[in-house]
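Heads up, the thing below is written out as structure tokens.
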Amino acid sequence: MKVVLKAIIGSISIHIIYLVVMMLVGYIKTKNYKPDLENAWGKVENLQNEVEFVSVTPPHFYVLSFLGVSVICGIVILSYEKLMN
């Protein structure tokens, strides 16, 4: 039971780190973005006039991701404990 709890905590940690890193990358890209307004005037006819909606990732993907990472963490923890004993 101890290994399962460690694996779940590891999976939660990895998912939180991933989320924070993706948010930081988006923030940094947004802060450093400088549009090129002078060259944009020459390409006015190429601008989109339609809105595109992006599909959303289904919620069961996140559950499977959490479970998969938990299993991988459990395997790593068990392997590490066997190597150290």
Side-chain angles (χ1 to χ4, degrees):
M1 191 65 173
K2 193 175 182 183
V3 174
V4 173
L5 185 60
K6 286 180 183 178
I8 291 173
I9 291 171
S11 180
I12 290 171
S13 301
I14 290 171
H15 280 85
I16 289 173
I17 290 169
Y18 176 77
L19 179 69
V20 169
V21 167
M22 289 297 108
M23 291 175 80
L24 284 174
V25 167
Y27 177 76
I28 291 169
K29 283 184 174 182
T30 302
K31 291 300 271 182
N32 292 330
Y33 177 71
K34 293 184 175 104
D36 187 14
L37 295 176
E38 292 178 7
N39 290 331
W41 284 106
K43 301 176 186 176
V44 173
E45 65 275 353
N46 295 333
L47 295 177
Q48 290 182 346
N49 57 1
E50 297 177 2
V51 178
E52 182 177 332
F53 292 99
V54 180
S55 64
V56 179
T57 306
H60 66 273
F61 173 78
Y62 296 110
V63 173
L64 293 175
S65 169
F66 178 76
L67 291 174
V69 173
S70 294
V71 169
I72 292 170
C73 285
I75 291 170
V76 169
I77 291 168
L78 285 174
S79 300
Y80 179 76
E81 287 179 354
K82 285 186 179 184
L83 285 175
M84 289 298 136
N85 289 335

Do any side-chain atoms of residues 23-30 form donor-acceptor pairs under 3.5 angstrom with protein atoms, and if so which ones, sequence neighbours left out?
from : atom 1 : to  : atom 2 : distance (Å)
T30  : OG1    : G26 : O      : 2.7

**Report entry** From CA spacing to verdict: side-chain contact (heavy atoms from CB on, under 4.5 Å), L67, V71
**Finding:** CA-CA 6 Å; L67 291 174; V71 169; 5.5 Å; no
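- Judged as a side chain to side chain donor-acceptor pair (under 3.5 Å), and not counting sequence neighbours, the contacts of S65 are H15.
- Of the inter-residue distances, the one linking I9 atom CD1 with I14 atom CD1 reads 12.0 Å to the nearest 0.5 angstrom.
- Shortest non-hydrogen contact noted between A7 and G74 is CB-N, 3.6 Å.
- In the hydrophobic clustering of this structure, I17 does not group with V76; members are Ile, Leu, Val, Met, Phe, Trp, Tyr whose side-chain heavy atoms approach within less than 4.5 Å, directly or through other members.
- Residues satisfying the side-chain contact (heavy atoms from CB on, under 4.5 Å) criterion with L64, sequence neighbours excluded, are H60.
- Taking each heavy atom of C73 and S11 in turn, the nearest pair found is SG-N, 4.0 Å.
- Using a 4.5 Å cut-off between side-chain heavy atoms of Ile, Leu, Val, Met, Phe, Trp and Tyr, with links allowed through other members, I16 and I8 fall into the same hydrophobic cluster.
- Atom CD1 of I12 and atom CZ of F66 lie 4.5 Å apart (nearest 0.5 Å).
- Taking the charged nitrogens against the carboxylate oxygens, E81 and K6 do have a contact shorter than 4.0 Å, which makes a salt bridge.
- Here the OG-CD1 distance, from S70 to I77, works out to 9.5 Å after rounding to the nearest 0.5 Å.
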